Protein chains: 2
Amino acid sequence: MEAFRRTCVEKGLAVTHQRQAIYRALISMPEHPAPESVYEVVRSEIPTISLGTVYKNIKTFLNAGLLRAVTLHHESLRLDANVEHHYHLVCTRCKSITDLPADDLEPIQFRRTPPRGFRVQNYSLEVHGLCAACAAS
Amino acid sequence: MEAFRRTCVEKGLAVTHQRQAIYRALISMPEHPAPESVYEVVRSEIPTISLGTVYKNIKTFLNAGLLRAVTLHHESLRLDANVEHHYHLVCTRCKSITDLPADDLEPIQFRRTPPRGFRVQNYSLEVHGLCAACAAS
DNA sequence: CTATTATAGGATAATTATTATCGACTGTCC
DNA sequence: GGACAGTCGATAATAATTATCCTATAATAG
Ligand SMILES: [Mn+2]
Ligand SMILES: [Mn+2]
Ligand SMILES: [Zn+2]
Ligand SMILES: [Zn+2]
């Protein structure tokens, strides 16, 4: 929480009551919540906060690196007619997605059995970075 | 394309002009397009097709396993206040996301250099399957 | 500690992506 | 070729997210 305030100051962000409550809610939620759920939790502390404020600050925190999104491409459904097992290269800048054959990597190997009785079906792996075009600029 | 028709028959889906055009568009688009882009392409062949039909059939194809979505959780932004490098267990049924420490797996290793001048920044790995609760039912 | 000011918050409207509805049409089966 | 279930197209509805705009507050200078 102290680190949070420090980062805000570094990035020129005002350390408001709302921002602290939102960040506190986020670190208390290990379930990878959607903005709506964060809003519910924050509202129990600040009943007058608006959903827009929660969205705005989540975006601010994402830019500041205080927070991560679980997926880079939630904004729209992205489709793949190739149903064979393969991976993806995803450009963090232009969001382009290209195929990466599974055997370009060593096979994924568990070191210990997956926790809490999780029954594994398959893996999806994305290599994030800059595509050739974006790397040029 | 023949396999497509066969799968439709197996799943009791009518092999319509529109479905074939949509599927043909999809396999011709290796860029992992959004529904809107698929619509644009299909429209050049069937100018009167509606966007709703494209959406409906994409959903149908996903259910039939003719098509995959690049991510399991595009429907809403999912947030992670843990910015350390780690992976995720994702339940394909209830969409719950839980953390998986990076050292529960052998490190990811490239066998050959990533294609087309892609500059790797990092990677994200999701293990898909059924959580304990969903596996029980 | 107070005044000043830039930034942030709250209410609300707007936009975007997606899904539902419903009457008309067409692929399938005989 | 006709009957019928399933599908299509048009449109409305919903859900998620973003923009707008005016007021309030955190930062900071005196
Ligand atoms: Mn692919
Ligand atoms: Mn996580
Ligand atoms: Zn790029
Ligand atoms: Zn589950």
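This one's a predicted model, so the numbers in the text were calculated from it and none came from an experiment. Naming: A, B, ... by sequence-line order, numbering from 1 per chain.
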Handout entry: Residue whose closest nucleotide on DNA chain C lies nearer the 5' end, Lys59(B) versus Ala14(A)
Key = Ala14(A)
Completion exercise
Sorted by position of nearest nucleotide on DNA chain D, 5' first, the leading residue of Glu75(B) and Ile46(B) is Ile46(B)
Problem - Integer-rounded Å distance: dG6(D) C1' and His17(B) NE2 - result: 18 Å
Handout entry: Atom-pair distance (CG on Leu13(B); P on dC8(D)), nearest Å
Key = 10 Å
Practice task
Answer with base, sugar-phosphate or nothing: what part of the nucleic acid does Thr16(A) contact at a heavy-atom distance below 4.0 Å?
Solution key: sugar-phosphate
Exercise for the section: Please report, rounded to the nearest Å, how far the C1' atom of dG10(C) is from the CG atom of Asn57(A). Expected result: 12 Å
Problem - Ion pair check, Asp104(A) and Arg112(B), cut-off under 4.0 Å - result: yes
Practice task
Give a yes/no on whether any side-chain N or O of Gln18(B) is located under 4.0 angstrom from OP1 or OP2 of dG9(D).
Solution key: yes
Practice task
Using a cut-off of strictly less than 4.0 Å, decide whether Ser50(A) has a side-chain nitrogen or oxygen near OP1 or OP2 of dA11(C).
Solution key: no
Completion exercise
Closest of dA8(C), dG10(C), dT18(C) to the Leu51(B) side chain is dT18(C)
Fill in the blank from the handout: Result for 5'-nearest mapping on DNA chain C, choosing between Val9(B) and Glu36(B), is Glu36(B)
Handout entry: Phe4(A) and Tyr23(A) aromatic ring geometry - parallel, tilted or perpendicular at 30°/60° bounds
Key = parallel
Problem - Rounded distance in Å - CZ (Arg5(B)) to C1' (dT28(C)) - result: 15 Å
Handout entry: Any N/O donor-acceptor pair, Lys56(A) side-chain to dG10(C) base, under 3.5 Å
Key = yes
Handout entry: Spacing of Asn63(A) atom CG relative to dT18(D) atom C1', expressed in whole Å
Key = 14 Å
Exercise for the section: Answer yes when Glu31(B) and Arg78(A) have at least one side-chain N-carboxylate O distance shorter than 4.0 Å, and no when they do not. Expected result: no
Practice task
Report yes if at least one side-chain N or O of Tyr55(B) is closer than 4.0 Å to OP1 or OP2 of dT19(C); otherwise report no.
Solution key: no
Handout entry: Between C1' of dT25(D) and CZ of Arg19(A), the distance in whole Å
Key = 12 Å
Completion exercise
Regarding the side chain of Pro35(A), the nearest nucleotide among dT17(D), dG10(C), dA27(D) is dT17(D)
Handout entry: Heavy atoms from other residues, nucleotides or ligands near CZ of Arg5(A) exceed 12 (cutoff 6.0 Å)
Key = yes
Exercise for the section: Give a yes/no answer on whether the side chain of His74(B) brings an N or O atom under 4.0 Å of OP1 or OP2 in dT18(C). Expected result: yes
Practice task
Would you please indicate if the ring centroids of His32(A) and His73(B) are separated by under 6.0 Å?
Solution key: no
Problem - Whole angstrom value for the distance that separates C1' of dA17(C) from NE2 of His73(B) - result: 18 Å
Completion exercise
To the nearest angstrom, the NZ-P distance between Lys11(A) and dT7(C) comes to 17 Å
